[in-house]
Structures are given as structure tokens and as C-alpha cells.
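Working notes, beginning with the structure itself.
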Amino acid sequence: MRSLILALAFTCLAGCSVETDLTVGNSTDISTLDPFGMFSRVEISLGDHLFESLTFLSRDMEIVPRLATRWERLPGDTTWTFHLRGGVRFHNGEPFSAEAAAFSLRRYLQRNAEGMMVGGASVAIPSSEITRVEAADSLTLHITTARPKALLPFYLSQMFMLAPGHYAGADDATRAENPVGTGPYTLTDRVRDSHVTLTRNPDYWGAPPAQERIVFRVIPEISSRLAELEIGTVHIIGDLPYDQAELLENASGVHVASVPGGRRVMIGISTQEGPLRDKRVRQALNHAIDFDAINEGLYGGRAERMGAVFNPPFRHPDLPPYSYDPAKARALLAEAGYPDGFELNSLDTPLGKWIQDFELAQTIASQLAEVGVTLRDGVRTYEWGNYRSKLLNHDLPALFMQASGGEFELLTEAADLTITSPSNFYGWEHPQYEALWSELQETLDADRRREIGLEMQEVVLEEAPWIFLYIQVDTYGVSDRIDWSPRMDEVIHLWDVNWTDGAS
Amino acid sequence: MRDLWRVLKRSRLAMAGVLVLGVIVLVALAAPLLAPFDPEAIDIRNRLARPAWFGGPEGHPLGTDSVGRDLLSRIVYGARVSLFVGVATVLVGGLFGSFLGILAGFWRGRVETIIMRLVDIQLAFPSILLAVAIMAILGPSLWNVIFVLSLATWAPFCRVARGQTLSVCQEDYITAARAIGAGPWSIIRRHVVPNVIGPLIVIASFALATNIINEASLSFLGVGVPPTTPTWGGMLGEGRNYIRMAWWVSTLPGVALMLVVYSVNVLGDWLRDYLDPTLID
């Protein structure tokens, strides 16, 4: 009998040790491991473990050195010199050099020139703006821009350095399955819709990563994520609805961590469609929303209503959000020629991607119906993968749920609403906004940049390409066994996370 | 018919089944009169309210769901969808399957081979998986659900109808009918159908229960009836994220579903015993 118990105990030791790998539970899967295709925060979180960029956005949202150790602008302001870190190798053994960096940047720019979306920064800096990328010697890189680009180091924080020997000529499938970067972890295992396992890169140039293995799991349902967190098979879960967070606060061994995030949640409006072409109609939709009721019901009153659309430090300090005023909404509709309202095709939403997305969409639909704006097909739900490709292909109905992660940088956040941006899902084009955008790109004066940002936010609020909803407070459930705290941009980094109870 | 009622009264369990089912059918028919609220009216401030008899606010006897819709109203309207889908699929699938089965059993030969191989193919697919796949292509709608579940229903009817027809056709009275020149359709109508209908009714009762569950499964998975329409399965699905803080959202429609399915099954069991000649006293 005793030996049986011992045997069982040992089985558990062997079996349980696998479960103690540091694990993150995400609501959605990554769509790809292709460095060009990683947009969502879940993908960027994973990508940051596999790849590195020349510069790095620190926890305080400041640009710090990574694969570049220092950089300077040459006189004339359009050419930069980046001094790269020596002795760095890619996962496949190739050395990292200025040639490799030039190769990677050219790849990004080429993709961008072909009109493909390749992540926030490249969207904001059109390929035509960078005229030359050149390796001066093995660890010195020159980058020349058409016009002065004060924020070049910021852009570079979002372009991964790729191993030329692996990625030159690699087709889509190869890139999607076999990531080769310089990051602290290497890919061990990926099972679609289940998990991604990463293993410590033994040859990493920096401080050795804390954990031997880390796991990113896909657990679509919040109730399952919570249960796994509590039993200890998952150590970090995100996108916690506030009422579930309250449950968690009373549980033992786990705690709730939240940061004021930058994710702006809104209903995107297809501004080229029927009545929605009229800005009075779009304003009417905004006046139809009783956000206080939504806030009280869904978010326990903790959500911050969105008026100004950019994140700090560029947020407009005094732009009042649209008021809840059904009478005014009806008056605006009547003025636009729709006294009895009108019918739209549908309001689409992913299911379980953003916090309580389905509940939110249904409530918005019912509030719009109050002022006479009805939906022929109601609220339609999609699995996130399908919804994502609908977004990327701009295959969208009149109204659709959208949530745009915070970049905390004016250029990238402002770029999303320019007509040339692939992430302008709204078909929205406004001459004054475009003019401000052109000016912004050339302006180096910090005060003037801030002013431009304020004017842009006034235009966006007035023209209403969105039904403005709220700015998310990111809430996580975290195991007491780890020393991790969230970043404000929702990216989860695990290379410096240790067990607090001394486990290894 | 009166005879049936007398026998039914002897089984207490079956009577209970009839009663429960009868009440639910009445509720479904009178839904607009019984429901205290519009089942789709959202009251976000009042979400996840407890049932009134469980310490919740007055006005919502069974509480509210995740966007503040009245649960009682939704359950009452959900009964319509569940029963309608169940009955419609059994009618469509059952009639279609039985008809093909009788044809196969009566004419034999190539007709039989073709029909019965189709049945084999159909039965080789797990029906709910096939239904999910087809629904994913067709998109959510009530009529699509009925089509898909009918498709999953017809094969067992076809098999049983064929078997029964085969044995009936061995009987002397069929030979006699042929001898006096009765046409095939007339024989099927007068002699085959009355003799195969008993077992088919039993299958129909079980298929009804299965299809009510299957409709709920499809709605639970989000590929059934469009999400704003109240269905028991959809409510189960929407409530599962709240099970730890608001058990009533998915438990109560689950109870309704269980009651209906259990009643139908009890009746089906009883019908089988009743129609089985070896058990009749």
C-alpha cells in the first residue's frame, strides 16, 4: 500500500512539474508567427519573446536601447547612425549584424510599399519616407529619411530583426510556422487554438531569461480562465470583466492587478454607407448612447467615457464626450432627412475577444433602436480569427465593434484615421484631418505637435467616425506565486518573471 | 383513441409526462400573454438580477440575464423555439425517411439498394458534427436549423420503415390484395402504412427529444438560431460565463429543457410498451 502511494506521489511529481511552467491564459490564439503579421497585443507579447528590435519601448513607454546600443542624428537631421550590439546571434546561429538589420528593415518597407499591413509603426511611417537603409560596417547602420523624422527610434521599436539566412526568400507558410529571431526564447511547440510553448534561448546575449519554459495558452471562456488561475495551472489571465474581478479578489492565492490602459473601445461606423455618410447621422448615433447605464451595468461605474481619442500624453484635456440625449439624436436624424429613423444591415462583434463585447454590442443595438435606427440582421457574432480577417479585408457591415490598443504616441495613434492607413476601417476621409496629418509628420517642435494633436481630436469628435464608448482599464488576474505586474500597453513580458516561493 | 387514454391513465409516470408536456405546450402557445416583459428588451442597469423568490428585486420572478433581459419571458418564448424546432424536424425528417423506407421495403431491388446505402452514409456521420458543419456554412437562422436537424433525423425512420414494410409484405393479406388486382399505392396506403406506423411513432417521440436537445446544442455553440432570439440552448451558452456569480442564467433554461425532454422520453417509453403486442395484457 505504502509503495503504491509513493508511486502515485512520484507520478504527480513528474506530472505536476510540467504544470508549473509559467503560463499565460489568453482569450484568443495568435493568428500567425509571421513577424510581418503580428498586430494584436497577444501576438506582440509572444513576438517580443522570439524577436527583438533595434530599440525597445520600456515599461514607462520610453525608448531604450535593445539591439542598438546608441544612436545619433547626423547634421541635417535626415540621416541617423545606429550603433549595434556585437556578439548577438540569431536562434539559427547566424550572427546579428548591420547587414541583417538592413535586410530586416528593407523587408518591412517593401511589404509596406506593397500596401500590406505590417504592424503599427510601419503604418505610421510610409515606406516612401525612408529613402536609404545602409550598413556602414558590420555594426553601424545608416538610415536616411526623406524629411526629418524625430520619432525614427520609436518606429524602430516595432520592427523585429530577422535572420537573413532564414527569411530571405521564405514563403508565407515558412514565416508563419518557423520564427527565427534573437529573442530570449525560442519556439518549442505550437498547437493551434491550444498553446504555444517557448524554451529559454541558451545563447541569449542579455540577462539569462528567468524561466526555462513559458507557455501561452488559449482559453476562450472567462469562466475557464478564472478556474484555471485559481487551481494554479495558469498564472496570468487578462481581459477580466470587473464583476469577475470582484469574485477573484476574495479568492486565495491570486490577486487582481489593473492599470489604466490605453485601449479605446468603440463602434466603428462605415462612413461611406447610405445614411452614415452624413455626419449629423453619426452624431445622432452618439447621442443615442446611454453610456452611464452601460457603465453602471457592465463596468461597475469604473469605465472612463471617451471624448478625446488619443492617449496621454497627447489626450485633449477638455473635450466633453457626447451627451445621452435621445431627443437631440432624433432631431439630428430628422434634420438629415430621416425623421423615422432607418434600417442598417447589422452590428458585428467578435465573441469573447474584448471585455464583454457581446453584451456591449447587444446593449448598443437596443439603445440605437430607441431612436429609430434598427438592424436588419441584428447583432452578429464571429469567432475572433474570422472577425480579424473581416477587419483586415475591410469586409464590414454598417456598424462593427472595434477596440484600438494604446500606443501612447501621437503619430501611430493619429495614423489609424488617415485615409491611406490599412487600419482606417471606417472609410473615413476628412481634408482638415489629412492636412494636420501632413503637417504633423514634418513638425519637430513639441508644442506645435501637441497643438496638432488637440486639433485632430476635435475634428474626430465632431465628425464622429465612431460611436465613442470608453477607455479600458486593463484588469488581470495574477497568481501570488509570481512577481509580475502589468504594463499599460497590454503587452505581457515574462523573461524577468520569477517565482516568489522559490520554485524553479 | 378513448382506449389509448384509458391505458394511459393507468401509468402514473406517463400521465405526469403528458401533464408537464401539455403545460409547456400551452405556455408556448400563450407566450405573449404570460411573459411579463418583451423577451428582447434590454435593461443593462438591471443585469444579473437574482430571481425574486431568491432574494432578488420584485418584477423579475426568475431574475435577469447578462444584459438585463427578463429570464421568465425568455424561457417562455424559448419554449416556442424548442417545441417548434422539435416538432417540425420530426415531421419533415420523419415523413421523408418513412416514405423512402416504405418505398425501399416495398419495391426492393435497385431502389432499396440506393436508398439503404444513402441511409448508411447518413448514419456514418455523427449527426451533431454534421449539423455544426452545415450550419457554419449556411449561417444562423431558424429555417436552417430545421433543415439541418431534419437531415440528421430521417435515416432511422427510413431503416425502421423498411424493416417493417419487409415483414408486412410477407403477409398473406398482401398477396391476397395483389391477387385481386390492387395497385401498389393502394396497398401501401391501406395495408402497409397502418401496420408500420406504430414503431415509427415511438421513434418519433425519441427523435423529438433528441432534436430539442440538438437544437439547444447548436444554439449553445452559437451556430443555431440567431443570438438575439430567445432559445434555451442559447441562454445556456450565454449564461455559462456567469455560472459562478449568477447560476440562474443558465440553470433555469436548463431545467426547462430537462423537463421537456424527460417528459417526451417518458411518453415515448410508455408508447413503446403500449404498441408492443408482446407486452399487451
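Below, chain A is the first sequence line, B the second, and so on; all start at residue 1.
For chain B, the nearby part of A:Leu247 is the side chain; its heavy atoms alone come within less than 4.5 Å. Proximity to chain B (any heavy atom under 4.5 Å) is shown, for A:Asp292, by both the backbone and the side chain. Contacts of A:Leu360 with chain B are absent, with no heavy-atom separation under 4.5 Å from either backbone or side chain. Contacts between B:Glu238 and chain A at a heavy-atom distance below 4.5 Å involve the side chain alone, from C-beta outward.
Using a 4.5 Å cut-off between non-hydrogen atoms, the part of residues 61-74 of chain B that approaches chain A consists of B:Ser66, B:Val67, B:Arg69.
Atom NZ of A:Lys328 is surrounded by 12 or fewer heavy atoms from other residues, nucleotides or ligands within 6.0 Å. The environment of CZ in B:Phe37 is crowded: more than 12 heavy-atom neighbours from other residues, nucleotides or ligands sit within 6.0 Å.
With chain B as partner, the option from A:Gly378, A:Ala369, A:Ser366, A:Ala293 having the largest number of non-hydrogen pairs under 4.5 angstrom is A:Ala293. Here A:Leu298 is the residue among A:Leu298, A:Ile294, A:Leu226 with the most heavy-atom pairs under 4.5 Å with chain B. Interface remark: of the candidates A:Arg380, A:Gln356, A:Glu383, A:Gln356 forms the most heavy-atom pairs closer than 4.5 Å to chain B.
Looking only at distances, no side-chain donor or acceptor of A:Gln244 sits under 3.5 Å from a matching main-chain atom of B:Tyr242.
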Evaluate side chain to side chain contact (heavy atoms under 4.5 Å, CB included) for B:Ile42 paired with A:Glu359, printing each intermediate quantity in order.
CA-CA 10 Å; B:Ile42 287 175; A:Glu359 283 89 345; over 6 Å; no

Salt bridge (charged side-chain N to carboxylate O under 4.0 Å, His left out) between A:Asp243 and B:Arg244, worked out:
CA-CA 11 Å; A:Asp243 44 11; B:Arg244 297 199 321 166; over 6 Å; no

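Side-chain contact between A:Asn295 and B:Arg45 is absent, with no heavy atoms from C-beta onward closer than 4.5 Å. A heavy-atom distance below 4.5 Å is not found between the side chains of B:Asn46 and A:Glu296. A:Asp290 is not listed as a side-chain neighbour of B:Ile44, based on a closest heavy-atom distance of 4.5 Å or more.
Here B:Asn241 contributes atom CG and A:Ser224 contributes atom OG; the two are 7.5 Å apart, rounded to the nearest 0.5 Å.
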